[in-house]
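Worksheet for the structure shown next.
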Amino acid sequence: MAATSATSQEATPTPELAAAGRLYEHGRFEEAAARFADLAEKGDALACFWLSICHANGDGLPRSDEKAFETCLRAAELGNVQAKTNLGVMYIEGKGVVKDAERGLAWLGEAAEDGDMGAQFNAATILSAGKAVEQDWDRAVRYYRMAAERGYYPAQARLGFCYRNGLGVEKSRVQAFVWLSLAAQHGVGTAITILESTVNEMSADEKAEGMALVRQWQTRTRDVSERASFRVVP
């Protein structure tokens with residue numbers, strides 16, 4: 001499970017924060033951290049998130065998991081979605097805070113509902129594993145689907161596996177074929193292996209239905225599908 005990095009931020013920064021971000025990107029960490037800290041004091045959620053990254057990596061500030069957690073918590077409470085994701089990971093891993101998987105899952109769930117694909121996938125993975133929290137395939141599938149429908153192919157592979165085995169959903173060779181195919185076109189090895197056995201069990205009508213649905217999803221997630229490495233032919 002990985003936390004989100006500051007460089008993957010989607011929120012639009014203020015001009016002041018953008019300038020601080022450029023300093024960070026050019027390795028001028030102390031100057032960048034000082035600016036992040038100043039903006040964070042003024043209540044800038046994104047600056048708080050950047051400051052958390054600086055503390056976590058020791059960039060321009062002494063490395064401190066505890067400070068990283070504190071600033072990440074403030075960013076999350078101010079509404080930064082990626083901070084919510086990172087905070088969830090910190091709670092689950094006990095990084096900078098006492099381990100609390102349920103609280104971590106709650107933050108991941110909040111970020112997932114806000115549309116963060118990393119949170120959606122991480123929450124689904126935790127729920128399906130059933131180690132840190134009680135296993136819940138229904139919720140896991142819901143989060144896998146959120147990410148899968150946006151073209152996140154690791155989630156597509158997991159969703160296909162769920163349909164193949166009836167985990168959290170009713171078994172469906174057609175739906176398994178659809179999601180495994182979308183993942184397999186990006187070279188996801190497990191998806192390719194499960195897809196082969198699924199295709200061998202499908203009727204001609206099921207294959208035709210599956211391919212029609214695959215084409216629909218490829219159109220909906222064109223920006224992802226256009227980067228595919230393989231083309232699936234049943």
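We're numbering straight along the sequence, starting at 1. Please read all numbers here as calculations on a predicted model, not as lab measurements. Computation of the quantities below employed the complete heavy-atom set of this structure, encompassing side-chain atoms and omitting hydrogens, waters and symmetry-equivalent molecules.
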- Item | Interatomic distance, E201 atom CD to E206 atom CD [nearest 0.5 angstrom] | 9.5 Å
- pair L182-Y153: side-chain heavy atoms closer than 4.5 Å: no
- Item | Connected-component partners of M90 among ILVMFWY, side-chain separation under 4.5 Å | F69, L73, L87, Y91, V97, W107
- Note on the structure: Sorted by chain and residue number, the side-chain contact (heavy atoms from CB on, under 4.5 Å) partners of E209 (sequence neighbours excluded) come out as V174, L213
- Query: Okay, side chain of N57, backbone of D59: is any donor-acceptor separation there less than 3.5 Å?
  - Reply: no
- Task: Measure across A184 and I192 and return the closest heavy-atom pair with its distance rounded to 0.1 Å.
- Result: CB-CG1, 3.7 Å
Name every donor-acceptor pair, under 3.5 Å, that has one atom in a side chain of residues 131-139 and the other anywhere in the protein, sequence neighbours excluded.
residue: Q135; atom: NE2; partner: S128; partner atom: O; Å: 2.7
residue: D136; atom: OD1; partner: D138; partner atom: N; Å: 3.2
residue: D136; atom: OD1; partner: R139; partner atom: N; Å: 3.1

- Message: Give me the atom names and distance for the closest heavy-atom approach of A111 to A119.
- Response: CB-CB, 3.5 Å
- Message: Keeping S52 on the side-chain end and C48 on the backbone end, is there a donor-acceptor pair under 3.5 Å?
- Response: no
- Looking at CD1 of I92 and CD of E102, how far apart are the two atoms once the value is rounded to the nearest 0.5 Å? 9.5 Å
- R145 vs V141 side-chain heavy atoms within contact, under 4.5 Å: yes
- Counterpart residues, side chain to side chain donor-acceptor pair (under 3.5 Å), relative to E77 (two or more places apart): none
- Query: W50 versus T71: any side-chain heavy-atom pair under 4.5 Å?
  - Reply: no
- Query: Does the R74 side chain pair with the main chain of A40, one donor and one acceptor, at a distance under 3.5 Å?
  - Reply: yes
- Message: Could you check whether D114 pairs with K84 (Lys NZ or Arg NE/NH1/NH2 to Asp/Glu carboxylate O, under 4.0 Å)?
- Response: yes
- Task: Taking N165 for its side chain and L167 for its backbone only, find out whether a donor-acceptor pair lies under 3.5 Å.
- Result: no
- Query: What closest approach, in Å, do A191 and A157 show between heavy atoms, and which atom pair accounts for it?
  - Reply: CB-CB, 4.1 Å
- Message: As a quick check of understanding, evaluate side chain to side chain contact (heavy atoms under 4.5 Å, CB included) for K95 and V89, giving each step before the final call.
- Response: CA-CA 8 Å; K95 200 165 187 178; V89 173; over 6 Å; no
- Consider only side-chain N and O atoms of R173 and T198, and report whether a donor and an acceptor are under 3.5 Å apart. no
- Cluster partners of V81, using ILVMFWY side-chain heavy atoms under 4.5 angstrom, listed by chain and number? none
- Less than 4.5 Å apart, any side-chain heavy atom of H55 and any of R63? no
- Within the distance-only criterion (no hydrogens, no angle test), does the side chain of R164 pair as donor or acceptor with the backbone N or O of L195 below 3.5 angstrom? no
Check: residues 26-36 side-chain donor-acceptor pairs under 3.5 Å, at least two apart:
residue: H26; atom: ND1; partner: R22; partner atom: O; Å: 2.7
residue: R28; atom: NE; partner: E31; partner atom: OE2; Å: 2.9
residue: R28; atom: NH2; partner: E31; partner atom: OE1; Å: 2.8
residue: R28; atom: NH2; partner: E31; partner atom: OE2; Å: 3.3

- Task: Please determine if K67 and D65 form a salt bridge, counting it only when a charged side-chain N lies under 4.0 Å from a carboxylate O.
- Result: no
- Given E170 and Q175, is the side-chain hydrogen bond (donor to acceptor under 3.5 Å, both in side chains) satisfied, shown in steps? CA-CA 10 Å; E170 186 177 345; Q175 289 297 322; over 6 Å; no
- Would you say the side-chain atoms of T221 pair up with the backbone N or O of G151, donor to acceptor, closer than 3.5 Å? no
- Item | Gap separating the CG atom of L17 from the CG atom of L39, nearest 0.5 angstrom | 6.0 Å
- Item | Minimum-distance pair of heavy atoms, taken over all atoms of Y144 and R158 | OH-NH1, 2.7 Å
- Looking just at side-chain N and O atoms, do Q120 and E113 make a donor-acceptor pair shorter than 3.5 Å? no
- Item | Pair Y143 + F121: ring centers closer than 6.0 Å | no
